Q: 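Below you will find the structure I want to go over with you.
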There are 2 protein chains.
Amino acid sequence: MKDVATAAGVALKTVSRVVNGEPGVHPATAERVRAAIDRLGYSRNESARVLRRGRTATIGLVIEDVADPFYAGLSRAVEEVVIAHDCLLLSGSSGEEPGRERELVETFCARRVDGLIIVPAGDDHTYLRPELEAGTKVAFADRPPGAGLAADTVLADNAGGAGQAVRHLLEHGHHRIAFLGDAPGIFTAAERHRGYRDALGGLYDARLVAMRPPAPETMRADLERMFALDRPPTALFTGNGRCTVAALRALAGQRPVALVGFDDFELADLLRPGVTVVVQDPAWMGRVAAELLFRRLRGDVGPPEHIQLPVRLVARGSGELPP
Amino acid sequence: MKDVATAAGVALKTVSRVVNGEPGVHPATAERVRAAIDRLGYSRNESARVLRRGRTATIGLVIEDVADPFYAGLSRAVEEVVIAHDCLLLSGSSGEEPGRERELVETFCARRVDGLIIVPAGDDHTYLRPELEAGTKVAFADRPPGAGLAADTVLADNAGGAGQAVRHLLEHGHHRIAFLGDAPGIFTAAERHRGYRDALGGLYDARLVAMRPPAPETMRADLERMFALDRPPTALFTGNGRCTVAALRALAGQRPVALVGFDDFELADLLRPGVTVVVQDPAWMGRVAAELLFRRLRGDVGPPEHIQLPVRLVARGSGELPP
DNA sequence: ATGAAAGCGCTAACAC
DNA sequence: GTGTTAGCGCTTTCAT
């Protein structure tokens, strides 16, 4: 900036004014400055700017895994909102590890992000307290923060969606409905299990429940165990996209079994039968979380918002198979 | 840092030493400083550090769209390498728009990223010249930079993979093989078309070629046009994952037609017939590009590297259907 | 309409 | 083993 000022024969401050589009510079002077900028290939040093102003115009996003389609969709939506607000997005994947989540958050905070959007892996967020007090805004998506922290949160109607799935299968004549969900420590998995259990009422049977990270072998083992029961399941409810895919793969080649999955996935309609799913909208969730965050950054105070997004069942065939 | 120094009864520089793990601080002093840090909830201001040191420990990644599984996989791999080097990742999606690509790159450069990994949308990268001269390192992935710019580049064997696909179909008795590819302006689409044409030789027929962004309606129209020809295609070669999915959707419910697609996708093995594809590895590409970049950041000079990653055909049924 | 000076929080260079 | 000083490039405040 000093070099530009020298080259244009003006003071540093005038260059600053031009670069920032501040008023009060003579058009001719401004033109001279702009020429010098082009000639020297100058571009403003954002670090210095941030240091001086205190605001970074950067948002941090912590998700589980960008390579998971659900979070990829959420990321893209967040990115769009962030860009629309002339900010930049730092993002990282926690891989479902609380330690990694905290590391990412702390790194982002050290970079003085203005706000954070977190899909938590852990359930203790007291470590965020100092940051919140320092003015960093935080919004949670997909899963709520751990106890003792109040912050804007956007969740899907997990229990309600699970209830819809179960009732749909009940209506199609099933009484033995298995639940194949992710690890019970994951909020969404627990909520969907709750919705499943509540909808089943007296039909609930713990032997028809398996909850752990979906892997081909364990999924196959769980299904074999359940099908070997006296009264085996006639229908399956899978707890998220990865579980659904794992189950479909484990069942491939066998006689089709009634199935409803939580989360839509590409090609669900092209399989035979088409896969009936409870659909949630990751982009919507991302957009809402980001908008919530920017509202706070704009100075909105008031109690934390808790938004629940509706989900809906899309029937494609697999959920309508008879027992 | 000043406050911490006061609280610990030491000089600023000593705090700096402790924070940065520099040697030459008495363990007892260091402990006192750490206690003060915890008590005050201090965390180093990275902007100031960057301003002073000149290095940001940040890498910028420009891709087409995080929500596309191919780029999501690439992103995740890049992220892992970046983290392993104690750096952070800024990322953005260009949405196949050259203007947006340039905007993102310039924003990243204003933030003084140490290096950039770019999946280019445009074909003119002369705008990068000043940045390169300023010392920013750049690596290209999936597509090469525009003419006149020499930089490390990682590409898949697009033409070779297309050749494999076509020869596979020829070996299964097909002589009329259509190509359904993305817009010809996209490097990978053009290369795959070239490989297709070369492998077909005298059998090449321009009426069996359609190249444009895959959309349900246009895909259906293209297929209808081709199937209405005197000598309609008996097999299809689709130019990328999105084209394959669009074609499968357009053909759903009809008699299965022989098909080989470029790019693998989730569930390709669960469709009936399984979808034969030419597989490339997005994570590998991301990892190689990132490693190349960090090698440059470590000071490696020497001529730009051009790496071509192999692809391989995975037969699953659809590519083995007879004419 | 333009400029001079102070200082954001840190690290590098050099004392002691 | 510890402290002092200068200055990274910018914005803010206040003068002119």
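Throughout, protein chains are lettered first and strands after them, A, B, ... in sequence-line order, and every chain is numbered starting at 1. Bear in mind the structure is a predicted one, so any value in this text is a computation, not a measurement.
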Q: Starting at CG of B/L12 and ending at C1' of D/dA6, how long is that distance when rounded to a whole Å?
A: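 After rounding, the reported distance stands at 13 Å.
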Q: Have a look at A/A11 and say if it touches a base, only the backbone sugar-phosphate, or nothing, with a 4.0 Å heavy-atom cut-off.
A: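 Sugar-phosphate contact only.
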Q: Just one of A/E101, A/E96, A/E191 clears the salt bridge (Lys or Arg N to Asp or Glu O under 4.0 Å) bar with A/R143, so which one?
A: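 Testing each of A/E101, A/E96, A/E191 against A/R143, the sole residue satisfying salt bridge (Lys or Arg N to Asp or Glu O under 4.0 Å) is A/E96.
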Q: So, OP1 or OP2 of D/dC8: does either fall under 4.0 Å of a side-chain N or O from B/R53?
A: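 No.
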Q: NZ of B/K13 versus P of D/dG3: gap in Å, rounded?
A: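 Value for this atom pair: 12 Å.
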Q: C/dT11, C/dT2, C/dC10: which one has an atom nearest the side-chain heavy atoms of B/S16?
A: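 Closest of the options to the side chain of B/S16: C/dT11.
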Q: Has the side chain of B/R52 got a donor or acceptor that lies under 3.5 Å from a partner of the other kind on the base of D/dG9?
A: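 Answer no: no donor N or O sits under 3.5 Å from an acceptor.
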Q: Tell me whether the side-chain N/O atoms of B/R49 come closer than 4.0 Å to OP1 or OP2 in C/dT11.
A: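 Yes.
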Q: Evaluate A/E31 against A/V25 for side-chain contact (heavy atoms from CB on, under 4.5 Å), listing each step before the verdict.
A: CA-CA 10 Å; A/E31 204 33 68; A/V25 178; over 6 Å; no
Q: Counting any heavy atom closer than 4.0 Å, what does B/R17 reach on the DNA or RNA strands: base, sugar-phosphate only, or nothing?
A: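 B/R17: base contact, heavy atoms under 4.0 Å.
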Q: Please tell me if A/T14 has a side-chain N or O lying less than 4.0 Å from either OP1 or OP2 of C/dT2.
A: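 Indeed not, no polar side-chain atom of A/T14 lies that close.
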Q: Of all the nucleotides listed (D/dG1, D/dG9, D/dG3), which has the minimum atom distance to the side chain of B/H26?
A: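 In terms of side-chain proximity for B/H26, the closest of D/dG1, D/dG9, D/dG3 is D/dG1.
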Q: Within a reach of under 6.0 Å around CG of B/D300, are more than 12 heavy atoms found that belong to other residues, nucleotides or ligands?
A: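 Yes, because the 6.0 Å sphere around CG of B/D300 holds more than 12 heavy atoms from other groups.
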Q: So what does A/T29 hit on the nucleic acid, given a heavy-atom distance under 4.0 Å: a base, only sugar-phosphate, or nothing?
A: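 The answer is sugar-phosphate, as A/T29 gets under 4.0 Å only of primed atoms, P, OP1 or OP2.
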Q: 5'-most contact on DNA chain D: A/K2 or B/G24, nearest heavy atom basis?
A: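 Comparing both residues, the 5'-ward one is B/G24.
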Q: Just by distance, do the side chain of A/T136 and the backbone of A/D114 share a donor-acceptor pair under 3.5 Å?
A: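 Answer holds: no.
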Q: How far does CD1 of B/I307 sit from CG of B/D152, to the nearest 0.5 angstrom?
A: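 B/I307 atom CD1 to B/D152 atom CG measures 7.5 Å (nearest 0.5 Å).
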Q: A/M1 has an atom CE; how far is it from atom C1' of D/dT11, in whole Å?
A: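 For the pair A/M1 CE and D/dT11 C1', the rounded distance is 8 Å.
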Q: Please state how far atom CG in A/L51 lies from atom P in D/dT12, giving the value in whole angstrom units.
A: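 After rounding, the gap between these two atoms is 12 Å.
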Q: Hey, is the side chain of B/N20 poking within less than 4.0 Å of OP1 or OP2 on C/dT11, counting only N and O atoms?
A: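 Yes, because at least one side-chain N or O of B/N20 sits under 4.0 Å from OP1 or OP2 of C/dT11.
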Q: Rounded to whole angstrom units, what separation is found between the CZ atom of A/R44 and the C1' atom of D/dG9?
A: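 Atom CZ in A/R44 sits about 12 Å away from atom C1' in D/dG9.
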Q: Which is true for A/V10 with a 4.0 Å heavy-atom rule: it touches a base, it touches only sugar-phosphate, or it touches nothing?
A: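 Sugar-phosphate only.
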Q: B/R55 has an atom CZ; how far is it from atom P of C/dT11, in whole Å?
A: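 B/R55 atom CZ is separated from C/dT11 atom P by 14 Å.
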Q: Expressed as a whole number of angstroms, how long is the span from B/E46:CD to C/dC10:P?
A: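 Rounded to the whole Å, the gap is 9 Å.
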Q: When you measure from the side chain of A/N45, which nucleotide among D/dC8, D/dC10, C/dC10 comes out closest?
A: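 Among the listed nucleotides, the one closest to the side chain of A/N45 is D/dC10.
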